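In what follows, a single structure is set out as structure tokens and then discussed.
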Amino acid sequence: MKAFVVYWHPESKSFNHAMFITAQQALTNSGWEVVTSDLHAMQFDPVSSRANFKSVKDPNYLKLQSEEAYATEVDGFSEEIKTEIEKLEWCDLMLWQFPLWWFSVPAVLKGWVDRVFAMGRIYGGGRLYSKGVFCGKRAMLSLTTGGPAEAYVEGGLNGDIHGVLRPIHRGMLQFVGFDVLAPHVVNGPVRMSDEQRKTELERFSRRLADIATEQPIDVGSY
Ligand code: FAD
């Protein structure tokens, strides 16, 4: 069992960082082999550009998907991108740990997807959704919010969290073939006591201990 944990938060003393460490410990204790990408520590550049490639298909006009398809053919991805692609291809389970920013992933994590989910290698040629490259693998979002739980239900201030996360679940993870596990959400850790936050870390640990047998969810149509 091989797990890949992708994490971004700008502060290494954050609650998200505590969840990132908890995830690694819980998975390792349950027999998972774990690799990580701590995008902040890596100073990962989120801007997709010619730096994604060693190869060049068209030096006069940068069309990213054409360059991605060409790099797939000629093994032309830069070392930085190749390393991330190989982690994706290696894992059985991918987990993203992040704070919800503007109803989405923070920009660096979005940029990681922009650069790493490359046409040709990761999707394309009819390999999408149930025929996706990563069919048989599972993915799970683990996130914190500023808003309270009651704001993230149908009819609540922000609406159902599943609707908020659907562009990520459907447009990124299922798009490339992953089955999606229920998101793990910690609402409002900023307003919790230390004791409550500790309880949340324990709840996360317990869930991850049994993650190998969890069934995927239907991400809905919203
Ligand atoms: P932190 O502030 O890092 O941590 C909370 C507390 O936990 C701190 O006191 C910390 O010391 C403590 N802590 C750290 N480690 C431990 C530990 N091991 N044990 C116990 N306590 C610990 N919210 C929304 O709901 N929707 C949005 O769309 C949204 N958009 C945002 C956009 C931006 C640009 C920003 C900056 C924020 C946004 N937010 C939004 C709020 C954001 O989601 C929350 O601030 C974030 O999720 C809180 O998590 P954190 O890890 O940053 O908390």
Side-chain angles (χ1 to χ4, degrees), residues 3-30 32 34 36-48 93-115 139-175 180-211 217 219-222:
F4 177 27
V5 185
V6 187
Y7 156 75
W8 184 85
H9 192 289
E11 169 57 59
S12 63
K13 294 187 285 300
S14 67
F15 188 69
N16 266 268
H17 191 265
M19 290 189 75
F20 173 53
I21 299 297
T22 299
Q24 292 173 65
Q25 289 169 346
L27 289 167
T28 304
N29 290 344
S30 300
W32 291 80
V34 180
T36 62
S37 286
D38 177 343
L39 301 178
H40 182 66
M42 290 158 65
Q43 300 186 304
F44 187 84
D45 179 359
V47 180
S48 212
L93 170 73
M94 178 169 69
L95 190 153
W96 292 0
Q97 179 64 52
F98 61 95
L100 188 71
W101 277 16
W102 297 115
F103 277 28
S104 190
V105 290
V108 179
L109 182 48
K110 172 58 166 52
W112 179 85
V113 178
D114 290 346
R115 297 186 67 200
M140 176 177 138
L141 304 180
S142 173
L143 59 139
T144 60
T145 70
E150 59 269 24
Y152 284 103
V153 295
E154 205 178 328
L157 189 62
N158 299 326
D160 190 338
I161 190 69
H162 293 96
V164 171
L165 298 177
R166 192 170 187 279
I168 308 169
H169 281 154
R170 184 70 179 157
M172 300 180 202
L173 299 173
Q174 286 190 340
F175 186 80
V180 169
L181 300 181
H184 192 89
V185 184
V186 178
N187 292 113
V190 173
R191 287 182 301 282
M192 289 177 183
S193 65
D194 265 344
E195 202 50 45
Q196 287 170 316
R197 285 190 287 258
K198 196 165 158 266
T199 302
E200 281 297 339
L201 294 174
E202 286 162 4
R203 178 173 74 93
F204 189 36
S205 255
R206 278 198 304 279
R207 178 168 176 198
L208 291 175
D210 291 331
I211 205 79
I217 57 164
V219 304
S221 48
Y222 294 92

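Predicted model only: the values in this text are computed from it and were never measured. Sequential numbering from 1 along the given sequence is applied to the chain's residues. All ligand and atom numbering here is 1-based and tracks the order in the structure. As a basis for the values below, the full set of heavy atoms in this structure was taken, side chains included, without hydrogen atoms, waters or symmetry mates.
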Evaluation steps, side chain to side chain donor-acceptor pair (under 3.5 Å), between Asn16 and Thr144: CA-CA 7 Å; Asn16 266 268; Thr144 60; 2.8 Å; yes
Check each of Phe98, Trp112, Phe20, Trp101 against Trp8 using the ring pair (Phe, Tyr, Trp, His ring centres under 6.0 Å) test, and report the only one that passes. Trp101
Would the distance check show the side chain of Arg170 and the main-chain N or O of Phe175 forming a donor-acceptor pair, the cut-off being under 3.5 Å? no
Do you know which two heavy atoms are closest between Val186 and Phe15, and how far apart they sit? CG1-CE2, 3.9 Å
When you check the side-chain N and O atoms of Asn187 and Thr145, is any donor under 3.5 Å from an acceptor? yes
Between Thr199 (side chain only) and Glu195 (backbone N and O only), is there a donor and an acceptor less than 3.5 Å apart? yes
Per-ligand residue contacts, ligand 1, heavy-atom threshold under 4.0 Å: His9, Lys13, Ser14, Phe15, Asn16, Ala18, Pro99, Leu100, Trp101, Trp102, Phe103, Thr144, Thr145, Gly146, Gly147, Tyr152, Pro189, Val190, Asp194, Arg197, Leu201
